[in-house]
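Comments concern the structure below.
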Amino acid sequence: MTASRPSVRPARPFFSSGPCAKRPGWSAEALQGAFLGRSHRAKAGKAKLAEVIARSRAMLGLPDDYRLAVVPASDTGAVEMALWSLLGPRGVDMLAWENFGKEWVADARDELELADCRVLAADYGELPDLDKVDWSRDVVFTWNGTTSGVRVPDGDWIAADREGLAICDATSAVFAMALPWAKLDVVTWSWQKVLGGEGAHGMLALSPRAVERLEAGPPPRPLPKIFRLTKDGKLIDGVFKGETINTPSMLCVEDALDGLTWAETIGGLDALIARASANFDSIASWVDRTPWIEFLARRPETRSPTSICLKLAGSDADPKALAALLEDEGVAFDIGAYRSAPPGLRIWGGATVETADIEALLPWLEWAHDHVQTRG
Ligand SMILES: Cc1ncc(COP(=O)(O)O)c(C=O)c1O
């Protein structure tokens, strides 16, 4: 039986995995209070940056002795700053199971040309064998692989007494999944993901052991100014208090504060996690009852509740055509699989997406699938 054309549309057809949907009710009015046309180093400008740091760490429950900074160049900037600043003194295990992990492998192996670099890789849909990780080494991994929808299930595999540093790209995970902070030495993210902020800036969290490494001596390579976190062997304290390395966008800063205010209003981290879980559950029960669709992530405990990646099964419909049709209809934007991932669909389930909109999307997916298939 062919699915009939649904009558209800998602109120907000924004399902992109980054930049992600703005928070419900957002409009440019939210940026009224932005500190524009002024120096970000003026007292009030710096205070806004310090506020992003303070309110982010409070919401996420960062340990008191962790440092948190706003850094340039989004999540990539934060990750690469960490890799260039920290890697070298120990061997490193690089974990990769989708596009972004592979990018960090390319950095460590091909750009930094680290002498002792071991790659633990897995195909799209799978995780590498986490039991093989050697915690006497530094370990670089992505908490949530945004392009395969595969996440690490928890932090149980991370040694509490590790000698190396656990360096974690958490950009699609933070504010959506519980992170075991004490087991992570470097955590990075950007603003345009779960809280629906604007792209441009990254966040970099450092454990005391990561700071110790930074202060133990300069890395065996020149560092551009944009990556430098120490001066004369000491951490540059100001960077962790809102004195950014270079000029930030105060419009983006205002928007990041707006996202935090919204998140605080709805109940903080627990509420954010609950919203992502509800979105995931809605899609999971549809996948259960729909013969032509499957999760790309094979093991249920590794399925991401934010970047929900699906593949077609037993269907000759082209997922690109399906996504394009729904985009043309204005009911779902940006739900095609990432360009280097296997063909399929990717639906963002982070907190700024309303479950009602996911529910409204599902019949459209059925309709589009039938339509694309019928048309051949
Ligand atoms: C896991 C992961 N790492 C890194 C990036 C790159 O982030 P950015 O564009 O913020 O630098 C992304 C973007 O989607 C991502 O999902």
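Source: prediction; values computed, not measured. Each ligand, and each atom within it, is numbered from 1 in the order the structure gives. Only this structure's heavy atoms are used, side chains among them; waters, hydrogens and symmetry mates stay out.
Under a 4.0 Å heavy-atom criterion, W104 is in contact with ligand 1. Heavy atoms of S172 approach ligand 1 to within less than 4.0 angstrom.
Of the protein's heavy atoms, S74 OG, 2.3 Å lies nearest to atom 10 (O) of ligand 1. In terms of protein heavy-atom proximity, atom 5 (C) of ligand 1 is nearest to F100 CE2, 3.3 Å.
L322 is listed as a side-chain neighbour of L365, based on a closest heavy-atom distance under 4.5 Å. The shortest side-chain heavy-atom distance between E80 and D107 falls under the 4.5 Å cut-off. At a threshold of 4.5 Å between non-hydrogen side-chain atoms, the residues R137 and D116 count as touching.
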Next on the checklist: ring-ring contact (aromatic ring centres under 6.0 Å, His included), that's the test. Do F280 and F295 meet it? Break it down for me.
Outcome noted: CA-CA 11 Å; F280 175 81; F295 283 100; 5.4 Å; yes

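Of the options L36, V253, L257, L251, a side chain to side chain contact (heavy atoms under 4.5 Å, CB included) to L31 is made by L251 and by none of the others.
In summary, R55 and E264 engage in a salt bridge, as defined by a charged side-chain N under 4.0 Å from a carboxylate O.
Against a heavy-atom cut-off of under 4.0 Å, T142 is close to the following atoms of ligand 1: 1 (C). The contact set between ligand 1 and K193, taken as ligand atoms under 4.0 Å from a residue heavy atom, comprises 13 (C), 14 (O), 16 (O).
Residues W292 and W286 place their aromatic rings such that the two centres sit under 6.0 Å apart.
Contacts between N144 and ligand 1, counted as non-hydrogen atom pairs separated by less than 4.0 Å, involve the backbone only. By the criterion of a heavy-atom distance under 4.0 Å, both the backbone and the side chain of D75 are placed next to ligand 1. Under 4.0 angstrom from ligand 1, the non-hydrogen atoms of Q192 all belong to its side chain. Under 4.0 angstrom from ligand 1, the non-hydrogen atoms of T76 come from both its backbone and its side chain.
Ranked by closest heavy atom to atom 15 (C) of ligand 1, the top entry among N99, T171, T306 is T171.
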